[in-house]
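Since the structure comes first, as structure tokens, the remarks are kept for the end.
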Amino acid sequence: MYTDLLLHDMGSGLSDGLKEFQAQPEDWRTSPLIGIGEHLKSGGSLLHDGRAKTIEEAILWHEGEAISARDNYLLLKPEHKTLLQSFIKNL
Ligand code: HEM
């Protein structure tokens, strides 16, 4: 499924300002990445509020506990970024 289905503190950029039960406003559950390519092809968007239109945009919104994922992505060479995006699109 390529997810841990757990809640993660994703930082203030993704906060919706609402606390729900135990979840803080910046906590989001990792969504399964499987089928993401089809979802995008059929006009779908990403992240809990659909603000990201591409895989790259979704990655760049990772902050909080996931900031190292974003920073590591930013360090990739352009061709490796493209490879990672195609890998995810084909899950
Ligand atoms: C190579 C590393 C990573 C990649 C390529 C990646 C990619 C993605 C993508 C493409 C999405 C959008 C999924 C969708 O909306 O259907 C997403 C969402 C998410 N990711 Fe990651 N991710 C990575 C690492 C991490 C890490 C390390 C964490 C947590 C510690 C994390 C937590 C989340 C959460 C909570 C969401 C949902 C956020 C929301 O709905 O607003 N990710 N990720």
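Counting starts at 1 for both ligands and their atoms, following the listed order.
- Leu40 and Leu60 fall within a single hydrophobic cluster, where Ile, Leu, Val, Met, Phe, Trp and Tyr are joined by side-chain heavy atoms under 4.5 Å apart, directly or via other members.
- In this structure, the protein non-hydrogen atom closest to atom 13 (C) of ligand 1 is Ser31 OG, 3.5 Å.
- Residue-to-ligand polar distances keep Trp28 apart from ligand 1: every N/O pair is separated by 3.5 Å or more.
- Counting heavy atoms from C-beta outward, Ile88 and Gln85 have side chains that stay 4.5 Å or more apart.
- In this structure a side-chain-to-backbone donor-acceptor pair under 3.5 Å is missing from Asp71 to Ser68.
- Contacts between Ile88 and ligand 1, counted as non-hydrogen atom pairs separated by less than 4.0 Å, involve the side chain only.
- Protein heavy atom at the shortest distance from atom 15 (O) of ligand 1 is Leu47 N, 2.7 Å.
- Of the residues listed (Asp16, Leu7, Asp9), the one engaging Trp28 in a side-chain contact (heavy atoms from CB on, under 4.5 Å) is Asp16, and it is the only one.
- The cationic atom of Arg51 (NZ for Lys, CZ for Arg) lies less than 6.0 Å from the six-membered ring centre of Trp61 and within 45° of the ring axis.
- Atom CD of Glu79 has more than 12 heavy atoms from other residues, nucleotides or ligands within 6.0 Å.
- What sits closest to atom 30 (C) of ligand 1 on the protein, heavy atoms only, is His8 ND1, 3.5 Å.
- Annotation: side chain of Ile55 is in contact with side chain of Leu46 (closest heavy-atom distance under 4.5 Å).
- Looking only at side-chain heavy atoms (C-beta outward), Tyr73 and His62 stay at 4.5 Å or farther from each other.
- Every N/O-N/O distance between Leu46 and ligand 1 stays at or above 3.5 Å.
- Residue contacts with ligand 1, taken as heavy atom pairs separated by less than 4.0 Å, involve His48 via backbone and side-chain atoms alike.
- The minimum heavy-atom distance between Leu47 and Ala58, with the atom names listed, is CD1-CA, 4.0 Å.
- When the side-chain contact (heavy atoms from CB on, under 4.5 Å) test is applied to His8, the partners found at least two apart in sequence or on another chain are Asp4, Leu6, Met10, Thr30, Glu65.
- Less than 4.0 angstrom separates atom 1 (C) of ligand 1 from none of the non-hydrogen atoms of the protein.
- Among all non-hydrogen protein atoms, the one lying nearest atom 37 (C) of ligand 1 is Arg29 O, 3.5 Å.
- Tally of protein N, O or S atoms closer to atom 21 (Fe) of ligand 1 than 2.8 Å: 1.
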